[in-house]
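Take a look at the structure set out below.
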Number of protein chains: 2
Amino acid sequence: MSSMKETSAERIPAAERREQILAAASQVFGERGYVGATTDLVAKQAGISQPYVVRMFGSKENLFLEVLSRALDTLTRAFRAAIAASHAAGEDTEARGSRIGLAYADLISDRGILLSLMQGFLLGHDPVIGERAREGFLEIYDIMRNEAGLEADHVVTFLSHGMLFNTLVALRMPEAYGVDAMATELVDCTFRTKLDTVLHIFENENAKGSAARG
Amino acid sequence: MSSMKETSAERIPAAERREQILAAASQVFGERGYVGATTDLVAKQAGISQPYVVRMFGSKENLFLEVLSRALDTLTRAFRAAIAASHAAGEDTEARGSRIGLAYADLISDRGILLSLMQGFLLGHDPVIGERAREGFLEIYDIMRNEAGLEADHVVTFLSHGMLFNTLVALRMPEAYGVDAMATELVDCTFRTKLDTVLHIFENENAKGSAARG
DNA sequence: CATTGTTGTAATCAAATGATTACAAGCGAT
DNA sequence: ATCGCTTGTAATCATTTGATTACAACAATG
């Protein structure tokens with residue numbers, strides 16, 4: 001459906017190949033982190049050779065920065081759309097916050113986006129990636145504060161839930177849903193309306209893993 | 001004062017050396033993550049040779065697992081102490097939640113603890129570390145739910161704030177305090193009563209870095 | 001003082017990995 | 001067709017790094 005290994009070695013325009021690599025990198029970086037991901041894994045996921053990945057982006061660091069920027073861009077775009085819709089509907093800040101929350105949760109459909117962001121946030125010590133990650137986080141805060149017009153406390157609460165959301169996804173806690181009672185309750189209570197989507201994603205992921213092994 | 005490079009090559013009992021290594025590893029793993037940290041960096045931080053680190057724990061993975069377990073243990077101990085104190089004082093669940101929150105925030109005095117935990121949470125894909133991290137997270141949830149007696153929603157809100165707390169520390173956002181207006185407000189609003197502690201820690205860290213360079 | 005176990009390191013290994021080089025193969029324009 | 005640009009890989013490099021080995025220094029014990 002979405003992005004299997006597909007396309008094995010045919011000639012494809014660089015711009016299109018670039019998108020494939022970015023999609024693959026988003027998944028791999030999101031799953032293994034910046035250091036844990038290898039350019040070879042990204043290449044295999046994109047169905048091309050490792051040197052091509054490096055040449056296309058110059059370095060692994062540049063590739064990650066590009067993934068980070070894309071993720072940030074997708075997120076800010078989604079937030080601004082939600083804010084515009086909220087303004088058009090004449091909602092109060094409470095409703096606006098909820099609407100943005102929905103937009104955020106929708107991004108889970110591509111795990112790579114939220115997880116690559118989260119992985120970036122844990123790289124604060126890195127001189128270049130860390131700086132970019134801080135900048136991105138502050139941009140999100142700024143949008144909610146000054147474009148959505150939410151109170152500081154409201155934004156902090158929102159971001160808090162977002163971080164738990166990301167953490168549970170990174171932890172693969174949904175895999176324990178229905179297995180462990182505490183996990184089930186925690187996941188239930190965290191993902192709420194997006195529970196079905198989340199469980200569906202992890203089901204697919206597990207099935208894929210089993211198929212690969214079997 | 002706390003843990004500089006100290007003790008250069010003297011003979012020290014294995015048990016004590018073990019603690020030094022664990023303290024060093026907690027810092028290094030918290031800062032660079034499991035993959036990004038090297039046994040050599042841990043060794044240098046502990047003031048010993050790299051092979052000794054590996055031999056003492058068998059493998060880097062075992063070392064991380066031990067750091068993770070220690071961090072979890074410190075945290076659960078602090079929580080249980082707070083819960084006991086709250087019960088002794090006959091507080092309601094609201095006050096109990098606040099008290100546990102204080103206990104959590106106090107752990108920031110050793111950045112390694114919270115950051116190593118957080119780094120562990122992002123390793124959900126790892127068969128062994130991921131499993132241990134899930135188990136640890138659920139143990140925390142279980143304590144708050146069944147020992148502190150908090151409602152599920154209350155616990156989720158609590159954990160949410162904790163994850164934002166950790167994320168901002170990992171991002172080194174406090175370094176932008178007083179520099180960037182948005183960052184200042186965000187940090188202010190997230191760390192609240194622990195603001196002084198947090199800023200103090202980052203000041204020391206920066207000073208140490210400058211001293212090392214200069 | 002020899003013996004034995006503990007504490008520690010220098011040297012080195014093998015594997016992983018990001019990056020580079022050289023080269024091949026397709027495709028469009030003249 | 002062939003020249004030149006784009007798309008792609010195989011082979012290889014240099015570094016990093018977790019782990020291993022061999023050995024040294026010291027301390028306790030008899």
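Side-chain atoms are counted along with the backbone in the values below, which use heavy atoms only and exclude waters and symmetry mates. Below, chain A is the first sequence line, B the second, and so on; all start at residue 1.
- Remark: P of C/dG18 and CZ of A/F64 are 14 Å apart, rounded to the nearest angstrom.
- The interatomic distance linking B/F29 (CZ) with D/dT17 (C1') rounds to 13 Å, in whole Å.
- Within the structure, every pair that satisfies the salt bridge (charged side-chain N to carboxylate O under 4.0 Å, His left out) test and touches residues 115-131 of chain B, not counting sequence neighbours, is listed here: B/E131-B/R134.
- With A/F165 as the aromatic partner, A/K194 does not meet the cation-pi criteria of under 6.0 angstrom to the ring centre and within 45 degrees of the ring axis.
- Checking the phosphate oxygens (OP1, OP2) of D/dG18, a side-chain nitrogen or oxygen of B/T39 falls inside 4.0 Å.
- Side-chain contact between B/L123 and B/F64 is present, with at least one heavy-atom pair separated by less than 4.5 Å.
- Heavy atoms of B/T38 sit under 4.0 angstrom from primed sugar atoms or phosphate atoms, though from no base atom.
- Distance, A/I48 CD1 to D/dT6 P: 18 Å, rounded to whole Å.
- Less than 4.0 Å separates DNA chain C from at least one heavy atom of each of the following residues of residues 51-63 of chain B: B/P51, B/Y52, B/R55.
- If you take CG of B/D40 and P of C/dT9, they are 12 Å apart, rounded to a whole angstrom.
- The shortest distance between side-chain heavy atoms of B/M163 and A/H161 does not fall below 4.5 Å.
- Counting atom types as modelled, A/R17 pairs no side-chain N or O with a base atom of D/dT7 as donor and acceptor under 3.5 Å.
- If you measure from atom CD of A/Q50 to atom P of C/dT21, you get 14 Å, rounded to the nearest angstrom.
- A cation-pi arrangement, defined by a distance under 6.0 Å to the six-membered ring centre and an angle within 45 degrees of its axis, is present between A/R111 and A/F202.
- For A/R99 and A/F79, the positive end is not near the middle of the six-membered ring at less than 6.0 Å and at most 45° from its axis.
- Contacts of A/A37 with the nucleic acid, taken as non-hydrogen atoms under 4.0 Å apart, involve only primed sugar atoms and P, OP1 or OP2.
- Annotation: cation-pi pair A/K60/A/F29 absent, no NZ/CZ under 6.0 Å from the ring centroid and within 45° of its normal.
- Here the C1' atom of nucleotide D/dA25 and the CZ atom of B/R11 are 7 Å apart, to the nearest Å.
- As rounded to whole Å, 15 Å separates atom C1' of D/dT9 from atom CD1 of A/I12.
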